[in-house]
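Below: one structure, written as structure tokens.
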Amino acid sequence: MTTTDVAVRLSIADALGKLMKDGLPFRFEAFDGSSGGPVDAPFTLRLLNERGLSYLMTAPGDLGFARAYVAGDLELDGIHPGDPYDAMVLLMSQLRFKVPSASEMVQIVRGLGFGNLKPPPPPAEEHLPKWRRALEGMRHNKRRDAEAIQHHYDVSNRFYELVLGPSMTYTCAVFPTLDSTLEQAQHEKYDLVARKLDLKPGQRLLDVGCGWGGMVRHAAKHYGVKVLGVTLSREQAAWAQEQIRREGLEDLAEVRFQDYRDVTETGFDAISSIGMTEHIGVKQYDDYFGFLHSRLKVGGRLLNHCITRPNNKITTTGAFIDRYVFPDGELTGVGRITMAAQDAGLEVRHVENLREHYAMTLKGWTDNLVANWDEALEEVSVGRAKVWGLYMAGSRLAFERNEIELHHVLAVKTDERGNADWPLRPTWLS
């Protein structure tokens with residue numbers, strides 16, 4: 001190493017400082033012995049090795065951070081990995097990056113080492129990149145959709161029990177009061193869906209993307225409805241069928257490991273789609289709602305429950321979510337969803353935003369993960385558990401900031417003359 005090299009070489013902390021507009025809001029320590037930020041900061045970010053540095057340099061932003069953190073090369077002290085919410089609030093509110101000049105960028109890269117621009121293999125928890133998925137098939141064909149769903153859901157049913165709680169419900173709850181428990185709120189969510197669909201004994205309900213069968217069992221048990229649920233997760237279907245058997249609901253309830261597009265039955269009195277639309281892709285909305293319309297009888301109702309954006313632009317979920325949580329996921333606004341439902345021939349009768357409820361739901365899930373952390377690590381890797389902590393805490397913050405929303409869209413299939421058999425005022429609020 002020459003004298004000139006020594007003169008221009010930066011420490012890792014100094015290089016990071018050059019990218020900050022207002023300085024570091026947290027304590028930072030690196031493996032080269034450098035450090036920065038307030039010594040009394042509530043959180044310390046610790047970079048342990050060169051592999052972590054290479055992750056950060058080769059994938060700037062959330063993907064590089066996630067890789068280093070999931071691999072164990074980047075530690076975050078002062079928080080529990082099952083719920084890094086407080087740290088994320090601090091980072092989102094106070095972290096301000098600046099664009100360095102060309103000469104500064106050269107100095108930063110030289111100081112950190114050109115050799116670190118070679119990306120290391122990603123952690124085992126990471127899904128294939130989009131270009132590799134494209135080689136496996138067109139986006140949202142049946143095979144690729146199944147692989148994406150199985151990446152997320154076929155992890156460990158026991159892990160999901162520890163995180164989601166007894167209801168095994170992985171969608172937004174509806175809290176009757178601020179002090180309602182998560183289980184009470186999930187029961188209320190299913191009951192609200194049932195009331196909006198005006199379910200009655202003897203009717204037939206199709207639950208698309210049914211998860212572990214929570215809506216299937218609720219409708220059968222509390223409303224006497226004959227229910228068919230379908231999911232692309234083999235693990236979910238197996239768990240749901242066993243729970244149906246335990247509760248003695250075999251005569252009314254069934255969950256199939258099946259693509260919704262392969263459902264041949266028609267004439268359903270109602271259809272619930274809870275947390276499904278996020279997975280199918282915005283370009284498939286027209287076909288999706290067209291299919292659901294074809295499975296409803298005249299006068300039948302559809303309730304679509306899904307995460308939305310506060311605008312109607314088609315937006316990818318971001319690199320971290322796409323590679324670690326929901327491969328191929330897309331979000332857009334409720335306007336695009338209602339348009340697709342209307343274009344399919346359905347009459348949209350009611351729309352409701354439950355955004356704050358999802359933030360509260362996610363807090364309940366992270367509380368569960370923290371409380372059951374040791375047992376959770378018997379089911380999944382530390383990296384996988386960290387992914388869940390990041391994902392849920394970050395999503396909670398996004399719902400609170402109105403970066404994402406949760407909408408119910410309630411629609412009906414009218415007859416040729418427009419008769420909807422609809423009450424003058426909503427009946428599900430009481």
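We number each residue from 1, following the sequence as shown.
Between the side chains of S395 and Y358, no donor-acceptor pair of N or O atoms lies under 3.5 Å. Side-chain polar atoms of K313 and T332 form no donor-acceptor pair below 3.5 angstrom. No side-chain donor from either of E330 and Y285 sits under 3.5 Å from a side-chain acceptor of the other. No side-chain donor-acceptor contact under 3.5 Å links S167 and Q186. Using a 3.5 Å distance cut-off with no hydrogens or angles, the side chains of T231 and Q236 do pair a donor with an acceptor. Counted by atom type alone, N304 and S273 present one or more donor-acceptor pairs between their side chains at under 3.5 Å. When only modelled atom types and interatomic distance are considered, R27 and S35 share a side-chain donor-acceptor pair under 3.5 Å.
Heavy-atom contacts from other residues, nucleotides or ligands closer than 6.0 Å to CG of D421 number 12 or fewer. When the shell of 6.0 Å around CG of D251 is examined, it contains 12 or fewer heavy atoms from other residues, nucleotides or ligands.
Taking CD1 of I337 as the start and CD of Q342 as the end, the distance is 12.0 Å to the nearest 0.5 Å. Taking CG from D367 and CG from L362, the interatomic distance works out to 11.0 Å, rounded to the nearest 0.5 Å. The structure places CG of L296 at 9.0 Å from CZ of F268, a figure rounded to the nearest 0.5 Å. In this structure, L303 CG and H350 NE2 are separated by 10.5 Å, a value rounded to the nearest 0.5 Å. Within the model, atoms CG of L76 and OH of Y69 stand 6.0 Å from one another, a figure rounded to the nearest 0.5 Å. A distance of 6.0 Å separates CG of L302 from CZ of F289, quoted to the nearest 0.5 Å.
Taking both residues in full, the closest heavy atoms of A411 and L346 are given as CB-CB, 4.0 Å, listed atom of the first, atom of the second, then distance. The shortest non-hydrogen separation linking P84 to I79 is CB-CD1, 3.7 Å. Looking at every heavy atom in both residues, A237 comes nearest to V255 through CA-CG1, 3.8 Å. The two residues A420 and E347 make their nearest non-hydrogen contact at CB-OE1, 3.9 Å. Of all the heavy atoms in A385 and L377, the pair that sits closest is CB-CD2, 3.7 Å. Taking every heavy atom of both residues into account, M215 and L205 meet most closely at CE-CD2, 4.2 Å.
In this structure, R67 and L74 have side chains that are not in contact, with every pair of non-hydrogen atoms separated by 4.5 Å or more. Residues T361 and L182 meet the side-chain proximity criterion, which asks for heavy atoms closer than 4.5 Å. Counting heavy atoms from C-beta outward, V230 and F257 have side chains that stay 4.5 Å or more apart. Contact check for M392 versus R396: no side-chain heavy atoms found under the 4.5 Å cut-off. At least one side-chain heavy atom of V193 sits under 4.5 Å from a side-chain heavy atom of I274. Side chains of L63 and Y55 form no contact here, defined as non-hydrogen atoms less than 4.5 Å apart. The side-chain heavy atoms of L410 and W428, taken from C-beta on, include a pair separated by under 4.5 Å. In this structure the side chain of R355 reaches within 4.5 angstrom of the side chain of N402, judged on heavy atoms.
Salt bridge D415/R417: absent, no basic N to carboxylate O contact under 4.0 Å. Under 4.0 Å is where a charged nitrogen must lie from a carboxylate oxygen, and between K196 and E352 at least one such pair does. In summary, R51 and D73 engage in a salt bridge, as defined by a charged side-chain N under 4.0 Å from a carboxylate O. Residues E247 and K221 are paired through a salt bridge, judged by an N-O separation under 4.0 Å between the basic side chain and the carboxylate. Between R46 and E29, at least one side-chain nitrogen of the basic residue sits less than 4.0 Å from a carboxylate oxygen of the acidic one, meeting the salt-bridge criterion. Using a 4.0 Å cut-off between a side-chain N of Lys or Arg and a carboxylate O of Asp or Glu, R158 and E375 qualify as a salt bridge. Residues K200 and D198 are paired through a salt bridge, judged by an N-O separation under 4.0 Å between the basic side chain and the carboxylate. A salt bridge does not link E405 with R309: every distance from a Lys NZ or Arg NE/NH1/NH2 to an Asp or Glu carboxylate oxygen is 4.0 Å or more. A salt bridge links E188 with R195; the closest basic N to acidic carboxylate O contact falls under 4.0 Å.
A distance below 6.0 Å separates the ring centres of H187 and H218. Between Y391 and Y324, the gap from one ring centroid to the other reaches at least 6.0 Å. The six-membered or imidazole ring of Y288 lies near that of Y260, with a centre-to-centre distance under 6.0 Å.
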Next item on the list: Report the C-alpha distance between V208 and L292 in whole Å, list the side-chain angles of each, state the deciding distance to 0.1 Å, and finish with yes or no for side chain to side chain contact (heavy atoms under 4.5 Å, CB included).
Entry: CA-CA 9 Å; V208 184; L292 299 184; 3.9 Å; yes

Next item on the list: Begin with the C-alpha distance, continue with both residues' side-chain angles, and end with the deciding distance and a verdict on side-chain hydrogen bond (donor to acceptor under 3.5 Å, both in side chains) for T414 and N419.
Entry: CA-CA 5 Å; T414 66; N419 296 317; over 6 Å; no

Next item on the list: Starting from the C-alpha separation in whole Å, work towards a yes-or-no answer on salt bridge (Lys or Arg N to Asp or Glu O under 4.0 Å) for E125 and R384.
Entry: CA-CA 6 Å; E125 291 81 6; R384 177 68 64 192; 5.9 Å; no

Margin query: Determine whether V387 and F320 satisfy the following criterion, side chain to side chain contact (heavy atoms under 4.5 Å, CB included), listing intermediate values before the conclusion.
Written below: CA-CA 9 Å; V387 165; F320 167 64; 4.2 Å; yes

Next item on the list: Tell me, with the steps shown, if N372 and L369 meet side chain to side chain contact (heavy atoms under 4.5 Å, CB included).
Entry: CA-CA 5 Å; N372 298 304; L369 180 55; over 6 Å; no

Next item on the list: Might you work through the side chain to side chain contact (heavy atoms under 4.5 Å, CB included) test for Y223 and L197, ending with a clear yes or no?
Entry: CA-CA 11 Å; Y223 287 83; L197 291 173; over 6 Å; no

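Checked options K226, R256, K297; the residue passing with E265 is R256 (criterion: salt bridge (Lys or Arg N to Asp or Glu O under 4.0 Å)). Partner Y160 forms a ring-ring contact (aromatic ring centres under 6.0 Å, His included) with one of W239, W365, W212 and no other, that one being W212. Shown are T308, I307, I321, V282; of these, the side-chain contact (heavy atoms from CB on, under 4.5 Å) with L331 is made only by I307.
Judged purely by atom type and a 3.5 angstrom limit, E183 has no side-chain atom pairing as donor or acceptor with the backbone of T181. Under a 3.5 Å cut-off, the side chain of N368 and the backbone N or O of V163 do form a donor-acceptor pair.
Relative orientation of the H408 and H305 rings is tilted, given thresholds of 30° and 60° on the angle between their planes.
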